[in-house]
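Below is one structure, written out as structure tokens, with a few remarks after it.
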2 protein chains.
Amino acid sequence: MAGETTRGHQTKWQTPCQQCPLRSLPTFRDFSAKELDFVAQFKRGELSVERGATVLVEGMHSAHLFTLLSGWAFRYKLLTDGRRQIMNYVLPGDLVGLQGSLMGEMDHSVEALTPVTLCVFERAQLGRLFERHASLAYDLTWIAAQEESILDEHLLSIGRRTALERTAYLLSFIHQRARATGAAGGRRVIPITQQHIADTLGLSLVHTNKTLRKLADRKLMRWQDRGCEILDADGLLALSGWEGLKREPRPFI
Amino acid sequence: MAGETTRGHQTKWQTPCQQCPLRSLPTFRDFSAKELDFVAQFKRGELSVERGATVLVEGMHSAHLFTLLSGWAFRYKLLTDGRRQIMNYVLPGDLVGLQGSLMGEMDHSVEALTPVTLCVFERAQLGRLFERHASLAYDLTWIAAQEESILDEHLLSIGRRTALERTAYLLSFIHQRARATGAAGGRRVIPITQQHIADTLGLSLVHTNKTLRKLADRKLMRWQDRGCEILDADGLLALSGWEGLKREPRPFI
DNA sequence: CGGATTATTGAGGTGTGTCAAGGTACGTGG
DNA sequence: CCACGTACCTTGACACACCTCAATAATCCG
């Protein structure tokens, strides 16, 4: 299993949970010793995939769930004719595949935006988690409710905000999330293409480009180095009419 | 407490969980005796509100969560200038207020579409649920993940489906949900206005009206008696390009 | 019966989509 | 190190899906 290469994925042991680099971030809450022990044995290994690789496919029946350890990814759905909707972005500390683990079948796909490392957990042990670790079970529910809350806000954006507001919202949102987890491994730039933004906001690529230009003209952001750099986070937030993310530490697994 | 009237709300005892009318529906899974006992004492009472009443308000800090026992409601968010986005509809058996219970503050509001009765649960007892009833905790997480899955599909609709597809999708979705829970207390008609549809789909009222006319011209539905009657569920489903709801029994609390 | 809400319809405007062409940057292989 | 291919970004012209405004009709409700 260690170091094995399977269909382009590389699996190998690396980070023991006790030294998980995410735990020390102020965004995440602490584990008790008991919780940490359980999570450590819950973790089955790590999975590394390259940029552009698909981690989970809609319709798939996966025996695992994951926490993203490093890199960026995104969740999306497709219509039969190829139209794509990106639902959300996956950053370090985010859980991947919970919906599929609970309901049997994935209802969306996940693709890596950068090289990505994921902690692999075994779905079959979820039952034990609920039986013996109520606090972690609570956290799982919290995480699911939090994702629901984010999707509510996205829905509000796509449904009722203008293209300019929407774009400002999305950039604010991603920027706040990235800042909390240490900004994508050092780069100051959000590693997405304009097509990703378009597919997140329900806009065409061309119109997205022209909308981004307006934001750039206002010195709120600029496009650079295959990604987006935020120049004026407050200005974007004000333009979007969004309240911003809560600052409290959040659970993760 | 019993029979008391508070700010237009009426609270009174009625249905003991042991005789809950929802449990016998094939959509819902069974409780074990132990689960049923817990839920029965978890339930604090019932809340009845009239059509148009607001059950929960965005920003509110509620000490309760609810399961909708009868009637219809909807979840929505507002922008400061009044633009409204409806996120989802709440039907019998649906949990209301979980997000607020977990995260402290409601991030959306809930309003009754018809006269509504809700079972009232005490937020403070959620901890005991997680500690002592792993199966119910699992169900809560399942419910949250299910809602997430629904929001994903809505996002896909608003973001990438045309007005006609979107409308067909929404009507199919509501129709399938209504059918599973016994069609809104007997009425064959979905008790919403065209403004609700518009605010769910991110369309204007006028365009919604014209889109509904196209569906009516194709004999897929008709507007009647302050609501929408589905004439050809399969036709709507095909037009929407949606896969439909899972048929398996689902948990509720 | 009158007021309020909801549905309907037409006219005209615009935000956003589509099509098309070209530019720029990057990665790869020679 | 250059040359080429590919992915991505940019811009303009034009079309249309959808929006706003406005007025009227239907329906419900007290």
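Quick caveat: nothing in here was measured; it's all calculated off a predicted structure.
For the pair B:Arg51 CZ and D:dG30 P, the computed distance is 10 Å after rounding to whole Å. Residue A:Trp223 contributes atom CH2, which lies 14 Å from atom C1' of D:dA7 at whole-angstrom precision. Look at CZ on A:Arg83: it is 13 Å from P on D:dA17, rounded to the nearest Å. We find that CG of B:Leu205 is positioned 17 Å from P of D:dA23, with the value rounded to whole Å. Taking atom CD1 of residue A:Ile158 and atom P of nucleotide D:dC18, one finds them 15 Å apart after rounding to whole Å. Rounded to a whole Å, the NE2 atom of A:His196 is 13 Å from the P atom of D:dA7. Whole-Å rounding puts the A:Lys210 NZ to D:dG12 C1' distance at 7 Å. Atom CD of A:Gln195 and atom C1' of D:dC8 are 10 Å apart (whole Å).
B:Leu203 comes within 4.0 angstrom of sugar-phosphate atoms only, judged by non-hydrogen atoms across all strands, and of no base. Within 4.0 Å (heavy atoms only), B:Gly52 reaches no atom of the nucleic acid at all.
Under the ring pair (Phe, Tyr, Trp, His ring centres under 6.0 Å) criterion, B:His175 pairs with no residue, sequence neighbours left out.
Between the CZ atom in A:Arg177 and the CD1 atom in A:Ile150 there is a gap of 5.5 Å [rounded to 0.5 Å].
Contact check, A:Gln194 against D:dT10: a side-chain N or O comes under 4.0 Å of OP1 or OP2. Contact between the side-chain N/O atoms of A:Asn209 and the OP1/OP2 oxygens of D:dT10 is found at a separation under 4.0 Å.
Using the six-membered ring where Trp is involved, A:Phe173 and A:His154 have ring planes that are perpendicular, over 60° apart on the 30 and 60° scheme.
For the pair A:Ser204 and B:Leu212, nearest-nucleotide mapping onto DNA chain C gives the more 5' position to B:Leu212. Mapped onto DNA chain C by nearest heavy atom, A:Val206 and A:Thr162 fall at different nucleotides, with A:Thr162 at the one closer to the 5' end.
Heavy-atom neighbours of B:Lys246 NZ from other residues, nucleotides or ligands within 6.0 Å: above the threshold of 12.
By the 4.0 Å N-to-carboxylate-O rule, A:Arg75 lies too far from A:Asp107 to be salt-bridged with it. For the pair A:Arg160 and A:Glu165, the salt-bridge criterion is not met [side-chain N within less than 4.0 Å of a carboxylate O].
Summarising the geometry of B:Tyr169 relative to B:Ser157, their closest heavy-atom pair is CD2-OG, 2.8 Å, with the distance given to 0.1 Å.
Nucleotides of DNA chain C with any atom under 4.0 Å from a heavy atom of chain B span, from 5' to 3', C:dT5 to C:dA11.
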